[in-house]
Amino acid sequence: MSHVRVRIAPSPTGAPHVGTAYIALFNKVFAMQNSGKFILRIEDTDQTRSHPEYEKNIFDALKWVGLLWDEGPDVGGDYGPYRQSERTETYQQHAEKLVQKGGAYRCFCTPDRLAKMRADQMARGLSPKYDGKCRHISENIVAQKVNNGEPFTVRLKVPRSGKCVFEDRLRGRITYNYKEIDDQVLLKSDGFPTYHLANVVDDHLMKISHVIRGEEWISSTPKHVLLYKLFGWEQPEFIHMPLLLNADGSKLSKRRNPTSIFYYRDAGYLPESLLNYLGLMGYSRPNGEEKFNMEQMAEDFDIERVSLGGSTFDLVKLKWLSGKYIREDLKSDVLQQRLNEWRLNSEFFTEIIACVQERMDTLGDFIPLCSFLWAREVELNPEDLIPKKKDDKETLQFLQTLLFAIEETPFWNAEVIEEKIKEVAEFFEWKLRQATQPLFVAISGKKVAPPLFSSMAFLGKDLSRVRIVSAIEALGGVSKKKLQKFQKAWDQR
RNA sequence: GGCCCUGUCGUCUAGCCAGGCCUAGGACACAAGGUUUUCAACCUUGCAACACGAGUUCAAAUCUCGUCAGGGUCACCA
């Protein structure tokens with residue numbers, strides 16, 4: 001195998017996901033085993049959702065679990081830039097090339113028309129698909145429209161018949177009929193590429209040899225294969241990993257599970273145990289060992305041993321593994337050091353002490369007052385969550401809406417938290433006091449605690465989110481239908 | 001709904017490709033016992049699965065087909 005080059009390509013649009021670390025791990029181990037290179041590429045082509053803060057989070061999260069990359073936006077490499085927003089010209093040139101070759105075409109349809117078309121198709125029981133209106137516009141008209149400054153997208157011209165066949169290393173031959181595949185937008189009207197174009201162009205330019213990614217990409221692989229063909233490029237080997245699942249069997253989601261890597265860091269799981277656990281998902285070492293690090297995994301790694309059913313992400317087993325590492329691998333002085341590095345240090349105490357001081361009578365009050373800040377989880381009494389003159393249903397919606405609100409910003413500090421809570425309180429026409437009560441209890445498990453905003457800031461966004469989710473569960477949880485209803489209400493504020 | 005992927009204990013998995021060694025092995029969880037000043041840890045034991053139905057074969061968890069079930073995906077998101 002010559003020059004194995006693999007990559008992970010996360011998009012900086014939210015909290016760094018454990019699924020990213022999972023896929024990164026298998027890529028990394030595959031590279032290690034083949035003395036190849038492991039590349040980090042930032043897919044920030046969605047200008048509305050991407051944020052530099054989230055990019056930094058990806059770096060920090062991957063470093064924390066110990067997944068280091070050979071090439072990337074921060075460390076450089078021979079195939080940069082590694083940030084897609086810095087490569088727009090490349091994509092535009094390639095899109096143009098494709099148009100000239102007849103493999104793609106400019107589309108002038110407005111989002112409005114597309115939405116109507118889709119709604120119409122749905123109403124008639126058809127699956128939504130671009131109708132090909134702009135597929136055959138004459139060159140003159142296209143030139144005219146472009147000259148007039150009409151916004152356009154570039155769409156992939158998918159053959160109307162024939163089959164697309166590709167090999168997946170783990171699943172064998174997969175076949176799709178071209179007629180089932182939509183004329184995907186490759187270049188958006190803002191000039192940025194969609195995933196499909198950017199991904200194929202970059203993988204080729206960066207000489208990626210193996211595409212190891214999640215199973216959810218299988219259905220868009222035909223589009224990628226078509227692109228390789230149209231460009232006349234050799235395609236990489238495709239390896240689709242099984243998905244990480246919620247307990248109900250659906251794709252791992254933050255509504256049902258803590259999915260942010262930072263949650264695991266802040267809740268005090270050992271990074272080596274998280275990485276090890278991820279290695280257990282869909283994989284087993286030939287010797288059956290369950291406790292191993294990346295180097296050991298790479299020693300006898302065999303991609304063919306990956307099992308194909310999705311794996312339920314089981315916090316209970318992860319907790320056991322973390323405990324195993326703490327007990328077996330850390331001498332007490334090292335453990336003390338690890339606790340220090342975590343959040344049991346004077347820097348953090350300094351932040352907190354001023355907040356707690358007013359509530360202390362004796363020094364012995366300090367730890368009991370703020371122990372929740374160093375706890376993986378807190379116990380709470382569901383009744384304490386409900387403010388006076390409100391009921392459980394209102395509280396439920398309030399907490400859920402707050403969850404939506406905090407997702408709207410990539411930042412997390414006392415000011416932002418206060419702002420968001422006030423925003424939601426106003427929306428519900430609740431007094432601030434009523435709004436903070438359920439949060440106090442959700443966050444601390446108690447009615448008496450240091451100031452809420454600082455506490456939440458200190459806890460971190462991910463731990464705070466999970467505690468609010470737990471509080472919602474304690475109140476009976478929210479159905480998918482209700483969730484959508486709540487989201488809609490909030491969005492229309 | 002169309003298309004695609006998948007289907008071994010509650011959960012993660014071994015075994016499947018090269019059918020017999022499988023009255024299906026390990027781990028988590030759970031239960032019982034042991035050890036221990038308590039708890040945890042640790043040790044021992046137990047509980048528990050080849051989705052279903054046909055076919056091929058002397059023999060099928062393993063090969064073939066069908067059924068069912070679950071998931072993924074159908075955006076100017078990745």
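Chain naming here is simple, since letters A, B, ... match the order of the sequence lines and numbering starts at 1 in each. These figures come from a predicted structure and were not determined experimentally.
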(message) Could you work out, with salt bridge (Lys or Arg N to Asp or Glu O under 4.0 Å) as the rule, every residue matching A:Arg305, not counting sequence neighbours?
(response) none
(request) Please name all residues satisfying side-chain hydrogen bond (donor to acceptor under 3.5 Å, both in side chains) with A:Arg255, sequence neighbours left out, ordered by chain then number. (result) none
(request) Applying ring-ring contact (aromatic ring centres under 6.0 Å, His included), name anything that partners A:Phe262, two or more places apart in sequence or on another chain. (result) none
(request) Determine the Euclidean distance between corresponding C1' atoms of B:rG20 and B:rA29; express it in Å to zero decimal places. (result) 34 Å
(request) Could you list all the salt bridge (Lys or Arg N to Asp or Glu O under 4.0 Å) pairs where at least one residue sits in residues 140-158 of chain A, not counting sequence neighbours? (result) A:Lys145-A:Glu150
(message) Rounding to an integer number of Å, can you tell me how far A:Asp248 CG sits from B:rG72 C1'?
(response) 14 Å
(message) Output the rounded distance in Å from CG (A:Leu243) to C1' (B:rG71).
(response) 8 Å
(message) Using 30° and 60° as the class boundaries, would you call the ring planes of A:His51 and A:Tyr54 parallel, tilted or perpendicular?
(response) perpendicular
(request) Apply side-chain contact (heavy atoms from CB on, under 4.5 Å) to A:Thr110 and list each qualifying residue two or more places apart in sequence or on a separate chain. (result) A:Asp112, A:Arg113
(message) Need the pair for B:rU38. Rule: Watson-Crick or G-U wobble, both distances under 3.5 Å, any strand; none if unpaired.
(response) none
(message) Suppose we define a pair by two distances each less than 3.5 Å, Watson-Crick or G-U wobble; what does B:rC16 pair with here?
(response) none
(message) Looking at B:rC63, which nucleotide sits across from it as a Watson-Crick or G-U wobble partner, both distances under 3.5 angstrom, or is there none?
(response) B:rG55
(request) Figure out the CZ/P separation between A:Phe292 and B:rA27, and round it to whole Å. (result) 16 Å
(message) Per the salt bridge (Lys or Arg N to Asp or Glu O under 4.0 Å) rule, what does the pair list look like for residues 402-412 of chain A, sequence neighbours excluded?
(response) A:Lys254-A:Glu407, A:Glu407-A:Arg465, A:Glu408-A:Lys420, A:Glu408-A:Arg493
(request) Identify whether the distance between the nearest side-chain nitrogen and carboxylate oxygen of A:Glu43 and A:Arg41 falls below 4.0 Å. (result) yes
(request) List for me each residue that meets side-chain contact (heavy atoms from CB on, under 4.5 Å) alongside A:Arg256, sequence neighbours excluded, and say none if there are none. (result) A:Asn246, A:Asp248, A:Ser253
(request) Determine the Euclidean distance between corresponding C1' atoms of B:rA14 and B:rC21; express it in Å to zero decimal places. (result) 15 Å
(message) Regarding A:Thr48, tell me which of base, sugar-phosphate or nothing describes its non-hydrogen contacts under 4.0 Å with the strands shown.
(response) nothing
(message) In this structure, how many angstroms lie between the P atom of B:rC28 and the NZ atom of A:Lys291, rounded?
(response) 13 Å
(request) Scan every strand shown for a Watson-Crick or G-U wobble partner of B:rA24, both distances under 3.5 Å, and answer none if you come up empty. (result) none
(message) Applying the Watson-Crick and G-U wobble criteria at under 3.5 Å, what pairs with B:rU44? Answer none if nothing qualifies.
(response) B:rA32
(message) Any salt bridge linking A:Asp329 with A:Lys291? Criterion: basic side-chain nitrogen under 4.0 Å from a carboxylate oxygen.
(response) yes
(request) Rounded off to whole Å, could you give me the NE2-to-P distance for the A:His240 and B:rU73 pair? (result) 12 Å
(request) Applying ring-ring contact (aromatic ring centres under 6.0 Å, His included), name anything that partners A:Trp64, two or more places apart in sequence or on another chain. (result) none
(message) Could you identify the nucleotide paired to B:rA69, looking across every strand shown and requiring Watson-Crick or G-U wobble geometry with both distances under 3.5 Å?
(response) B:rU6
(request) Provide the distance between the two C1' atoms, one in B:rC47 and one in B:rG10, to the nearest whole Å. (result) 11 Å
(request) On RNA chain B, check which nucleotide each of A:Leu318 and A:Tyr176 is closest to and give me the residue with the more 5' one. (result) A:Tyr176
Every protein N/O lying under 3.5 Å from an N/O of nucleotides 46-52 of chain B:
none

(request) For A:Phe192, report the nucleic acid contact type (base, sugar-phosphate, nothing); a contact means any heavy atom under 4.0 Å. (result) nothing
(message) With rounding to the closest Å, how many angstrom separate the P atoms on B:rC43 and B:rA49?
(response) 25 Å
(request) Can you tell me the distance, in whole Å, between the CD1 atom of A:Ile326 and the P atom of B:rC42? (result) 13 Å
(request) Under a 3.5 Å limit for both distances, which nucleotide forms a Watson-Crick or G-U wobble pair with B:rC74, could you say? (result) B:rG1
(message) Tell me if the aromatic rings of A:His204 and A:Phe231 count as close, with their centers under 6.0 Å from one another.
(response) no
(message) Test of understanding: with salt bridge (Lys or Arg N to Asp or Glu O under 4.0 Å), list the residues that count as partners of A:Arg467, not counting sequence neighbours.
(response) none
(message) Suppose you measure atom C1' in B:rG70 against the same atom in B:rC30; what distance do you get, rounded to whole Å?
(response) 25 Å
Polar pairs (N or O, both sides) under 3.5 Å between protein and nucleotides 74-78 of chain B?
| from | atom 1 | to | atom 2 | distance (Å) |
| --- | --- | --- | --- | --- |
| B:rC76 | OP1 | A:Arg118 | NH2 | 3.1 |
| B:rC76 | OP2 | A:Arg118 | NH2 | 3.3 |
| B:rC76 | O2 | A:Ser189 | N | 2.8 |
| B:rC76 | O2 | A:Ser189 | OG | 2.8 |
| B:rC76 | N3 | A:Ser189 | OG | 3.1 |
| B:rC76 | N4 | A:Cys109 | O | 3.1 |
| B:rC77 | OP2 | A:Lys188 | NZ | 3.1 |
| B:rC77 | O2' | A:Asp46 | OD2 | 3.0 |
| B:rC77 | O2' | A:Arg49 | NH2 | 2.9 |
| B:rC77 | O2 | A:Arg49 | NH2 | 3.2 |
| B:rA78 | OP1 | A:Thr45 | OG1 | 2.7 |
| B:rA78 | OP1 | A:Lys188 | NZ | 2.8 |
| B:rA78 | OP2 | A:Tyr195 | N | 3.0 |
| B:rA78 | O3' | A:Glu43 | OE1 | 2.9 |
| B:rA78 | O2' | A:Ser11 | OG | 3.3 |

Any N/O pairs under 3.5 Å between the protein and nucleotides 6-14 of chain B? List them or say none.
| from | atom 1 | to | atom 2 | distance (Å) |
| --- | --- | --- | --- | --- |
| B:rU11 | O3' | A:Thr312 | OG1 | 3.1 |
| B:rC12 | OP1 | A:Thr312 | N | 3.0 |
| B:rC12 | OP1 | A:Thr312 | OG1 | 3.1 |
| B:rC12 | O2' | A:Leu280 | O | 3.0 |
| B:rU13 | OP1 | A:Gly282 | N | 2.1 |
| B:rU13 | OP1 | A:Ser311 | OG | 2.5 |

(request) Could you measure between the two P atoms, the one in B:rA31 and the one in B:rG15, and give it in whole Å? (result) 31 Å
(message) Before we go on, tell me: are the rings of A:Phe313 and A:Tyr277 under 6.0 Å apart, centre to centre?
(response) yes
(request) Measure from CG on A:Asn287 to P on B:rG26 and round the result to the nearest Å. (result) 16 Å
(message) Work out how far the C1' atom of B:rU67 is from that of B:rG7, and round it to whole angstrom.
(response) 13 Å
(message) Rounding to an integer number of angstrom, what distance separates B:rA18 and B:rC77 when you compare their P atoms?
(response) 45 Å
